[in-house]
Amino acid sequence: MRGGTSKGAFFHQRDVTQDRAALDRMLLRVLGSPDPNGRRLDGMGGGISSLSKAVIIGPPTRPDTDSADTIDIAVHVLSMERVHRATPLTTGMCVAAACLISGALANSYAAASLRNGVQVCIGHPSAIHRPSIRLSNGRCAYPARRQSIRRGEDCRVPHACPCSSLTHSERLGSTGACVARQRLQLLRLPLRLGGMDVGATGAGTGGLTLLCVPLDTSSVSRRVSCGSTRMCPARHRLGNGGYMHITPEQRASRYNGYFRHGSGVEDAELTHVGPGTPCGEYFRRFWLPVCMTAEVSQQPSVVRVLGEELVAFRDLSGRYGLVHKHCSHRRASLEYGIVAERGIRCCYHGWLFDIDGSILEVPGEPQGSPIPNRLCHGAYPVRAFAGLLFAYLGPPDGLPAFPVLDTMVQTDNDMVPYAIDYPCNWLQVAENPMDPFHSVFLHTRVTRAHFNPAWGALPEVQWKRMRDGAGIYLTNTRRWHRYVWVRTAEVYLPALAQPPDIYQNPDREKFFTRVGITKWTVPLDNTRCRIVAWRHFNETLDLDGKGNRQQVGLNKVDFVGQTGVERSYEEGQLSPGDYEAQVSQGAITIHDDEQLATTDGGVARYRRMLRDAIRAVANGAAPAQPAPNTDGHIPTMAGDVIVEVPPSNSDDRALQARFGRFVGDIVEDTLPLAAGERCHEIKRRIRAAMASGRFESSDDGP
């Protein structure tokens with residue numbers, strides 16, 4: 001059977017071999033074979049799902065159970081190369097249980113049926129390691145909580161999973177079945193286990209997997225919304241509101257819209273950013289620009305970030321503050337507060353708050369009131385830098401050093417701040433810099449050249465993880481006439497990107513001209529984000545004079561297709577840009593409805609690194625932060641190298657790839673050098689390689 005992206009095969013103990021090695025081989029054959037891209041290619045694990053399980057049922061082994069209505073199941077978990085583990089789940093009065101494996105990790109949920117037809121599900125990321133979880137005699141034994149459950153009652157389960165919100169449950173039909181409410185559509189198929197007819201409810205990665213309940217159409221006729229995880233796009237709706245898997249033949253057939261009109265749910269682990277969510281907690285470990293300082297005028301300004309509404313202000317002594325929006329006294333909004341010489345005063349009763357949240361005055365309270373000593377208003381550390389206001393929203397004892405990139409302190413460099421609001425999830429905007437192929441089509445071939453015709457040359461691209469694990473960079477190499485042009489771009493986790501000069505023209509040799517943009521994609525909430533950035537202007541960039549400082553600011557920047565206000569809808573249709581391509585994916589794009597290809601290697605790597613980093617922080621680790629040089633500045637990778645290289649006599653694309661790797665290695669090797677010395681060293685090494693004949697047209701070696 002199949003549920004969402006998760007698939008399972010059920011066997012009875014009497015029908016399978018007891019030889020573990022032979023059993024492993026059989027399970028791998030049934031569920032699918034590994035492949036280099038991390039996808040199972042055959043068996044039940046075919047398609048895009050790498051999450052498979054085999055369930056073996058048999059007579060109960062617990063002495064306190066009634067064999068007439070109880071079975072035990074063992075869930076055999078497959079990693080990509082072997083059977084990872086077999087986990088027996090002996091669940092007392094349960095008729096079935098289930099677990100879900102994400103890769104080789106065990107994020108699981110146990111589901112069980114109690115006596116008298118009451119069903120309940122329990123979620124916990126470590127449930128697979130806690131075989132003591134069981135339900136019997138109408139009581140719920142849970143590591144964090146114990147409670148009674150009666151027919152027709154809701155079962156409320158403690159929130160324990162870092163990638164979902166098991167906050168409450170709802171009853172289903174006459175049996176009073178309780179299912180954890182998330183945000184995923186559930187599949188229901190008839191199934192027979194141990195002589196009992198049951199209905200199987202399934203969901204995808206990280207969610208409820210198999211909830212087996214006594215088969216009663218009245219109890220499962222409603223679709224349950226179940227959330228935090230993804231669902232396979234390959235399914236179509238059933239009459240009872242569920243979904244059915246689309247076959248390979250249907251997927252490849254013409255006019256197959258009927259089979260593809262179902263919609264999955266967002267990958268919440270990467271897209272949800274509110275307080276307490278794994279991704280939101282990860283973002284809170286970094287300094288983030290929350291607005292331009294120009295937006296904080298004489299009046300307080302409401303700032304939304306990571307699902308919180310805050311108020312930014314500048315007091316009369318010139319200090320910036322960022323505080324919780326609602327006054328700690330009677331909840332009036334501090335956007336109507338009065339800026340004081342020191343701090344901000346609530347308009348309602350005059351309480352005065354300092355920038356660190358300290359209460360300086362409580363007018364109307366008795367002399368010596370204890371309130372200022374026992375209460376501080378919510379506030380965050382802030383720092384203004386070059387027209388942007390940065391804030392740290394994480395735990396105070398984890399405050400990192402403020403990151404000063406080498407591109408933020410270049411001499412003779414003008415950084416003009418700007419901010420652009422996007423009505424969509426942050427990730428579909430932030431991952432754009434790791435997709436250099438979109439510049440070939442979106443920015444050049446499909447409509448017209450937004451920047452320079454040379455962008456239309458198909459590049460050779462390599463993506464590489466940064467040595468300190470703080471991010472990912474790429475080399476984007478293309479030929480334009482007699483020049484080979486290597487662009488190095490970078491993304492620091494979670495969402496700081498630096499692309500090189502956007503108006504670059506490969507018409508002469510250049511050695512490591514630096515970035516055109518330094519930008520952060522800042523999540524405002526789950527469905528809105530903001531780019532907060534600097535446009536760089538200096539004498540080494542934009543030699544054709546296409547840039548315009550006057551067009552850079554709030555919801556405007558000096559290149560086309562970046563905002564929703566600069567052009568009409570019809571103009572956007574005629575010549576779409578980044579804004580149209582990213583916002584049109586939806587409020588939160590559905591990753592499982594995508595079909596990633598070879599050109600998406602950077603996007604896939606970025607998502608994988610981001611997911612690993614989010615989980616590491618959730619498990620208590622400190623996030624990787626880029627390390628500064630001895631001068632206190634963080635050396636970065638982004639820049640352009642343009643060199644005259646004769647075309648290869650046999651395979652010029654192979655030549656481009658080799659040259660791009662060579663340049664990328666030099667740029668990375670020279671990171672410890674000071675800025676001026678670094679440019680000279682990059683030029684020296686490239687000149688030496690060209691003089692040695694390493695990239696002569698007759699040399700097509702590896």
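Just so it is clear, the structure is predicted and the values come from calculations on it, not from any experiment.
Aromatic ring centres of Trp287 and Trp520 lie farther apart than the 6.0 Å criterion allows.
In this structure, a donor-acceptor pair under 3.5 Å is absent between the side chains of Asp406 and His633. With hydrogens and angles left out, the side-chain atoms of Arg530 and Thr521 include no donor and acceptor closer than 3.5 Å. Glu335 and Ser333 share a side-chain donor-acceptor pair at under 3.5 Å. Under 3.5 Å, the side chains of Asp421 and Asn555 contain a donor-acceptor pair of N or O atoms. Under 3.5 Å, the side chains of Gln462 and Thr475 contain a donor-acceptor pair of N or O atoms. Under the 3.5 Å distance criterion, with hydrogens and angles disregarded, a donor-acceptor pair is assigned to the side chains of Thr563 and Glu566. Under 3.5 Å, the side chains of Glu309 and His326 contain no donor-acceptor pair of N or O atoms. Side-chain N/O atoms of Thr589 and Gln428 include no donor and acceptor closer than 3.5 Å.
Just one residue in the list Arg514, Arg508, Arg487, Lys510 forms a salt bridge (charged side-chain N to carboxylate O under 4.0 Å, His left out) with Asp640, and that residue is Arg487.
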Stepwise side-chain hydrogen bond (donor to acceptor under 3.5 Å, both in side chains) check, Glu308 with Tyr380: CA-CA 12 Å; Glu308 276 196 273; Tyr380 294 111; 2.6 Å; yes
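In this structure, Arg383 is not positioned above the aromatic face of Phe390 in the sense of NZ or CZ being under 6.0 Å from the six-membered ring centre and within 45° of the axis. Both cation-pi conditions hold for Arg535 and Phe537: the charged atom is under 6.0 angstrom from the six-membered ring centre and inside a 45 degree cone around its axis.
Side-chain atoms of Asn526 come within 3.5 Å of backbone N or O of Val273 as a donor-acceptor pair.
For Gln585, the side-chain hydrogen bond (donor to acceptor under 3.5 Å, both in side chains) test picks out no residue, with sequence neighbours left out.
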